[in-house]
Every structure is written in C-alpha cells, then in structure tokens.
K.L.:
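I'd like to ask you about the structure that follows.
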Amino acid sequence: MSRLAQTDGLTDVQQEILATVRDFVDKEILPVATELEHRDEYPAQIVEGLKELGVFGLMIPEEYGGLGESLLTYALCVEEIARGWMSVSGIINTHFIVAYMLKQHGTEEQKEYFLPKMALGEIRGAFSMSEPGLGSDVSAITTKGVRNGDDYLLTGQKMWLTNGGTSTVVAVLCRTDEGEGEGTAPHKSMTTFLVEKEPGFGEVRPGLTIPGKIEKMGYKGVDTTELILDGLRIPADRVLGGTTGRGFYQMMDGVEVGRVNVAARGCGVARRAFELGVAYAQQRHTFGKPIAQHQAIQFKLAEMATKVEAAHAMMVNAARKKDSGRRNDLEAGMAKYLASEYCKEVVEDAFRIHGGYGFSKEYEIERLYREAPMLLIGEGTAEIQKMIIGRRLLEEYRTQG
C-alpha cells in the first residue's frame with residue numbers, strides 16, 4: 001500500500017471496504033483500462049463487478065437495500081477507482097448524485113420505487129443541467145416543463161449528459177414558472193423531473209432522443225451525450241419531492257457532493273500518475289544512473305507527492321464536513337479546485353519524467369494526460385469554484401460598517 005493519501009480514523013468496516021475496492025482495481029481495472037480506453041469501449045464487465053461489490057448502493061440507506069455508508073467512504077472508494085480508470089468513477093458518480101438527491105429530497109413513494117433498484121445497479125442514474133448555450137449559468141436554462149392535465153410536457157435540449165445512453169433514469173432540471181409572479185428570481189422557477197427511459201441511443205421513449213455519443217479527447221468508455229426533449233410527457237408524481245420550484249436547490253445539493261467526488265477523482269488520477277512517474281524514474285537510466293538519482297527528478301517527485309497529499313487531505317476534510325451535517329460548499333469548492341489543478345500538474349510532471357515515451361500510446365501516462373483536463377471543468381470550472389470560495393469567505397469574514 002502506498003504511504004501517500006492515507007486516511008486516519010477509519011473504522012474497520014471502512015478499511016475493509018477500501019481494501020476490497022483497491023484489490024478489485026488492481027486485478028480487474030488496471031490491467032484492461034488503457035486497452036478499453038483506446039477502443040472507447042464501455043467497461044460492461046467492470047461495471048458488473050462493481051454492482052456485485054455493492055458500490056452502486058454504497059450511500060443508499062440500508063432500509064432501501066444499500067450499505068448506508070458515509071460520503072467519506074464513498075469518496076475514498078472513488079479515489080481508488082479513479083486511480084484505476086477515471087471513466088469508471090464517472091459512471092458511478094452520476095448514479096450516486098441521483099441516488100443522493102432522491103434520498104435527500106424524494107417523496108417516500110419515489111424513494112421506495114427507485115432506491116432499492118438503484119442500490120443493486122438495476123436502475124442506473126444520470127443527471128442533466130447543462131444546455132448547448134450554457135454551462136455554469138444554471139439560472140439561464142431554457143428547457144421547459146409545462147403543465148398538461150395531470151402531466152408535464154418537457155421540451156428542450158440538454159448537453160454533456162454522462163451515462164446518457166446507459167442510464168435508465170435521468171434527473172432533468174427544467175424551468176416550470178408554475179404559479180410564479182412577475183420578477184420572481186429565476187432559481188425559484190425550476191423543477192427537477194425524474195425521467196425514466198430505456199438504455200440505448202435514438203428515440204428511447206416517445207418525445208425523448210439520445211442522439212449518440214459525443215467524441216472526446218479523453219474520458220472515453222463512459223458515454224457522454226446530448227438529450228433532446230420534444231413534448232416528453234411526464235406524470236406529476238415524477239417531480240422530485242412532489243413540489244415544483246425546488247429544482248435549483250435540489251441540483252445544487254447534488255452538485256455539492258459531486259464536487260467532493262470530482263476532488264476524489266483528481267486525487268486518484270494524481271496518485272496513479274505519481275506511481276507511474278516514481279516507478280519509471282527508477283527504471284530509466286541516463287548518464288550512468290537511474291534518473292531518480294538526479295536531483296532535478298527528485299525535486300519533481302517531491303513536489304508531486306506533496307500535491308497528492310495536500311489534495312487528499314482537503315478532499316477528506318470536505319467529505320467529513322458534509323457527513324457531519326454542516327454546510328460544506330466552501331470546503332467542497334476548495335477541494336475540487338485544488339485537486340483538479342494539482343492533478344493536472346502531477347500528471348504533466350509524470351509525463352515529463354517519461355520523456356518521449358510519455359507521448360506513446362503504449363504507456364499509461366498518455367491516457368492520464370488526456371483524462372486530467374476533464375476534471376478542470378467537470379462540476380464547475382476553476383473560475384466557478386473561486387467565485388464560490390470568494391463569496392463564502394466574505395460571508396465568514398465580513399467586516400462591520
């Protein structure tokens with residue numbers, strides 16, 4: 001086990017879960033990740049293995065068939081999985097956010113219907129906020145949900161939907177404007193709908209089309225798609241929580257824990273990059289000795305390890321803050337920002353250590369070099385995180401007068 005990124009104070013159960021996931025990553029993910037990634041192939045066998053381990057129900061309460069574990073346990077598992085292949089952690093993350101939103105905000109009927117099947121991985125979740133004309137400006141969404149008798153008709157276009165093809169339920173944020181007066185704040189006229197669908201591409205149910213996978217430079221294997229709604233009829237009992245106008249707050253709650261997840265992914269990818277860099281530095285010889293014995297490389301390894309350790313500590317702090325029931329948007333924003341930026345830097349340093357071989361597809365670091373940039377924008381860019389951090393700091397340190 002690596003000395004880096006260790007977490008104090010874990011229970012025996014948490015340590016056992018992590019050891020099981022780490023063993024699965026070493027045996028079932030790392031040996032095939034690069035090959036599957038180069039083919040942009042969905043890791044179906046890996047997903048089945050994670051379902052058997054109970055990872056899809058890690059944070060779902062025991063009363064609904066899950067393991068009832070904490071956000072910290074989940075984040076540490078994500079860190080291990082991302083160390084093996086970041087795309088697999090992305091498959092789990094969107095599912096986890098929808099399950100979390102249902103647990104926190106769903107009606108009892110919605111929880112009883114969805115959560116037991118989600119815990120088994122039989123229902124797989126995705127969530128959708130972004131649109132072609134906007135990303136972080138969630139308040140500007142144009143996708144609409146219009147009341148039609150006992151149902152709603154959803155119309156609009158969504159973008160960057162992770163698990164768009166393989167998911168069977170999508171939490172979709174729409175503008176409803178139902179019963180809102182003139183001048184109402186935009187975020188108070190949004191509603192989250194639970195849209196059930198068949199897996200696959202094309203018209204997956206009347207009024208709902210998943211056009212196909214978006215080609216990406218990295219983060220392959222997991223399907224990223226558009227979602228086109230054209231008069232999709234949704235019953236009113238599929239409004240998350242049963243009441244309209246709460247969608248913005250529900251989504252932001254989900255994104256907040258999602259940011260801890262992205263931080264964990266950054267920690268996992270950075271740790272793998274360090275492992276590759278420190279191993280290669282001891283194998284490659286120049287000027288009669290391993291390059292690890294050159295001071296310049298030792299300095300680089302020291303910086304990389306320090307960044308891995310710092311990012312892990314901030315991620316753990318953010319998860320523990322949320323688990324305690326306290327507000328953690330400041331800590332989650334800091335952890336996501338630092339972990340994603342440090343991940344990019346550690347991966348690049350490992351790439352530099354590999355020299356020309358880092359540019360070859362035969363070496364794993366080439367894959368990590370293409371994957372790391374996604375973390376810079378997923379769940380909010382660095383600039384968005386800085387806005388959140390800055391505003392929260394001003395709230396905490398507001399001066400009088």
K.L.:
Between R392 and E396, is a salt bridge (charged side-chain N to carboxylate O under 4.0 Å, His left out) present by the stated rule, with each step listed?
P.N.:
CA-CA 6 Å; R392 285 289 288 113; E396 295 289 336; 3.3 Å; yes
K.L.:
Measuring only between side-chain heavy atoms, which start at C-beta, is M129 closer than 4.5 Å to M252?
P.N.:
yes
K.L.:
Looking only at heavy atoms, which two atoms of A339 and A311 are closest? And how far apart?
P.N.:
CA-CB, 3.9 Å
K.L.:
Whether the side chain of K336 engages the backbone of G380 through a donor-acceptor N/O pair (distance < 3.5 Å, no angle test) should be reported.
P.N.:
yes
K.L.:
Parallel, tilted or perpendicular: which fits the ring planes of Y363 and Y280, with parallel below 30° and perpendicular above 60°?
P.N.:
perpendicular
K.L.:
Does any part of the side chain of I353, heavy atoms only, come nearer than 4.5 Å to the side chain of K300, both counted from C-beta?
P.N.:
yes
K.L.:
Flag the pair I92 / Y74 as yes when at least one side-chain heavy-atom distance between them is below 4.5 Å, and no otherwise.
P.N.:
yes
K.L.:
Does atom CD of E198 have more than 12 heavy-atom neighbours, drawn from other residues, nucleotides or ligands, at distances under 6.0 Å?
P.N.:
no
K.L.:
Could you tell me the separation between the CG atom of L10 and the CG atom of L76, rounded to the nearest 0.5 Å?
P.N.:
6.0 Å
K.L.:
Report the residues that fulfil side chain to side chain donor-acceptor pair (under 3.5 Å) with Y342, sequence neighbours left out, ordered by chain and then residue number.
P.N.:
none
K.L.:
Would you indicate whether the side-chain heavy atoms of L102 and L194 approach each other to under 4.5 Å?
P.N.:
yes
K.L.:
Could you work out, with side chain to side chain donor-acceptor pair (under 3.5 Å) as the rule, every residue matching H294, not counting sequence neighbours?
P.N.:
T286
K.L.:
For the residue pair V260 and M315, what are the closest heavy atoms and their distance?
P.N.:
O-CG, 4.0 Å
K.L.:
Look up atom CG in L227 and atom OG1 in T143, then write down how far apart they are to the nearest 0.5 Å.
P.N.:
8.5 Å
K.L.:
Could D40 and K213 be called an ion pair, given the rule that one side-chain N must be under 4.0 Å from one carboxylate O?
P.N.:
yes
K.L.:
Could you tabulate the donor-acceptor pairs under 3.5 Å formed by side-chain atoms of residues 200-211, not counting sequence neighbours?
P.N.:
residue, atom, partner, partner atom, Å
E203, OE2, G207, N, 3.4
R205, NH1, E196, O, 2.7
R205, NH2, R233, O, 3.1

K.L.:
Does this structure show an ion pair linking E48 with K51, if we count only N-O contacts that are shorter than 4.0 Å?
P.N.:
yes
K.L.:
Please name the pair of heavy atoms, one in L229 and one in L154, separated by the smallest distance, quoted to 0.1 Å.
P.N.:
CB-O, 3.5 Å
K.L.:
Taking all atoms of both residues into account, what is the closest heavy-atom pair of L301 and A281, and its distance?
P.N.:
CD1-CB, 4.4 Å
K.L.:
Between Q104 and A99, is there a donor-acceptor pair closer than 3.5 Å when you use the side chain of the first and the backbone of the second?
P.N.:
no
K.L.:
Considering residues at least two apart in sequence or located in another chain, which fulfil the ring-ring contact (aromatic ring centres under 6.0 Å, His included) criterion with H95?
P.N.:
F56
K.L.:
Looking at I91, is its backbone amide N or carbonyl O close enough to the side chain of N163 to form a donor-acceptor pair, meaning the two atoms are under 3.5 Å apart?
P.N.:
yes
K.L.:
Is it true that R367 and E364 make a salt bridge, defined as a side-chain N closer than 4.0 Å to a carboxylate O?
P.N.:
yes
K.L.:
Could you check I291 against H285 for side chain to side chain contact (heavy atoms under 4.5 Å, CB included), going step by step and ending with a plain yes or no?
P.N.:
CA-CA 6 Å; I291 62 173; H285 285 67; over 6 Å; no
K.L.:
Counting N and O atoms only, with roles assigned by atom type, does the side chain of R259 sit under 3.5 Å from a partner on the main chain of A332, one being a donor and the other an acceptor?
P.N.:
no
K.L.:
So, the side chain of E366 versus the backbone of G358: is there a donor-acceptor pair under 3.5 Å, distance only?
P.N.:
no
K.L.:
If the condition is side chain to side chain donor-acceptor pair (under 3.5 Å), which residues does Q157 pass it with, not counting sequence neighbours?
P.N.:
E226
K.L.:
Are a donor atom and an acceptor atom from the side chains of T191 and T176 found within less than 3.5 Å of each other?
P.N.:
yes
K.L.:
Determine the interplanar angle of the F359 and F351 rings, folded into 0 to 90°, and report it as parallel if under 30°, tilted if 30 to 60°, perpendicular if over 60°.
P.N.:
perpendicular
K.L.:
Should we say atom NZ of K27 is surrounded by more than 12 heavy atoms from elsewhere, each under 6.0 Å from it?
P.N.:
no
K.L.:
For T192 versus A171, what's the shortest heavy-atom pair and its separation?
P.N.:
CG2-CB, 3.9 Å
K.L.:
Is it the case that over 12 heavy atoms from other parts of the model lie below 6.0 angstrom from the CG atom of D23?
P.N.:
yes
K.L.:
Is there side-chain contact between N328 and R320, with heavy atoms separated by less than 4.5 Å?
P.N.:
no
K.L.:
Quick check: are there more than 12 heavy atoms from other residues, nucleotides or ligands sitting under 6.0 Å from CD of Q15?
P.N.:
yes
K.L.:
Return yes if some donor-acceptor pair links the side-chain N/O of K111 with the main-chain N/O of H105 below 3.5 Å, else return no.
P.N.:
no
K.L.:
Give a yes or no on whether the backbone of I141 and the side-chain of R175 come within a donor-acceptor separation of less than 3.5 Å.
P.N.:
yes
K.L.:
Give a yes or no on whether a salt bridge exists between E395 and R391, defined as a side-chain N under 4.0 angstrom from a carboxylate O.
P.N.:
no
K.L.:
Testing the basics here: between L153 and G231, what is the closest heavy-atom pair and its distance to 0.1 Å?
P.N.:
CD2-O, 3.8 Å
K.L.:
How long is the gap from NZ on K386 to CG on L393, to the nearest 0.5 Å?
P.N.:
13.0 Å
K.L.:
Looking at E108, I'd like to know if its CD atom is crowded, meaning that more than 12 non-hydrogen atoms belonging to other residues, nucleotides or ligands lie closer than 6.0 Å.
P.N.:
yes
K.L.:
Treating E35 as the side-chain partner and V32 as the backbone partner, does any N or O pair qualify as donor plus acceptor under 3.5 Å?
P.N.:
no
K.L.:
Could you tell me whether E131 and K158 make a salt bridge, using a distance below 4.0 angstrom between a side-chain N and a carboxylate O?
P.N.:
yes
K.L.:
In terms of side-chain geometry, is the basic nitrogen of R271 or E80 positioned less than 4.0 Å from the acidic oxygen of its partner?
P.N.:
yes
K.L.:
Which residues pass the side chain to side chain donor-acceptor pair (under 3.5 Å) test with Q295, sequence neighbours left out?
P.N.:
none
K.L.:
Give a yes or no on whether the backbone of T73 and the side-chain of S70 come within a donor-acceptor separation of less than 3.5 Å.
P.N.:
yes
K.L.:
Taking 4.0 angstrom as the limit, do R327 and D329 come out as a salt bridge?
P.N.:
yes
K.L.:
Would you say that N93 contacts V78 through its side chain, given a criterion of any heavy-atom pair below 4.5 Å between the two side chains?
P.N.:
no
K.L.:
Taking 4.0 angstrom as the limit, do D253 and K322 come out as a salt bridge?
P.N.:
yes
K.L.:
With no hydrogens and no angle check, do the side chains of T7 and H312 hold a donor and an acceptor under 3.5 Å apart?
P.N.:
yes
K.L.:
Report yes or no: does Q250 contribute a side-chain atom to a donor-acceptor pair with the main-chain N or O of M101 at less than 3.5 Å?
P.N.:
no
K.L.:
Under the side chain to side chain donor-acceptor pair (under 3.5 Å) criterion, do R124 and T168 qualify, and how do the steps go?
P.N.:
CA-CA 5 Å; R124 302 268 297 286; T168 50; over 6 Å; no
K.L.:
Less than 4.0 Å between a side-chain N and a carboxylate O, is that true for K307 and E345?
P.N.:
yes
K.L.:
Output yes when R83 and E79 qualify as a salt bridge under the 4.0 Å nitrogen-oxygen rule, no when they do not.
P.N.:
no
K.L.:
What distance do E256 atom CD and L71 atom CG have between them, rounded to the nearest 0.5 Å?
P.N.:
10.0 Å
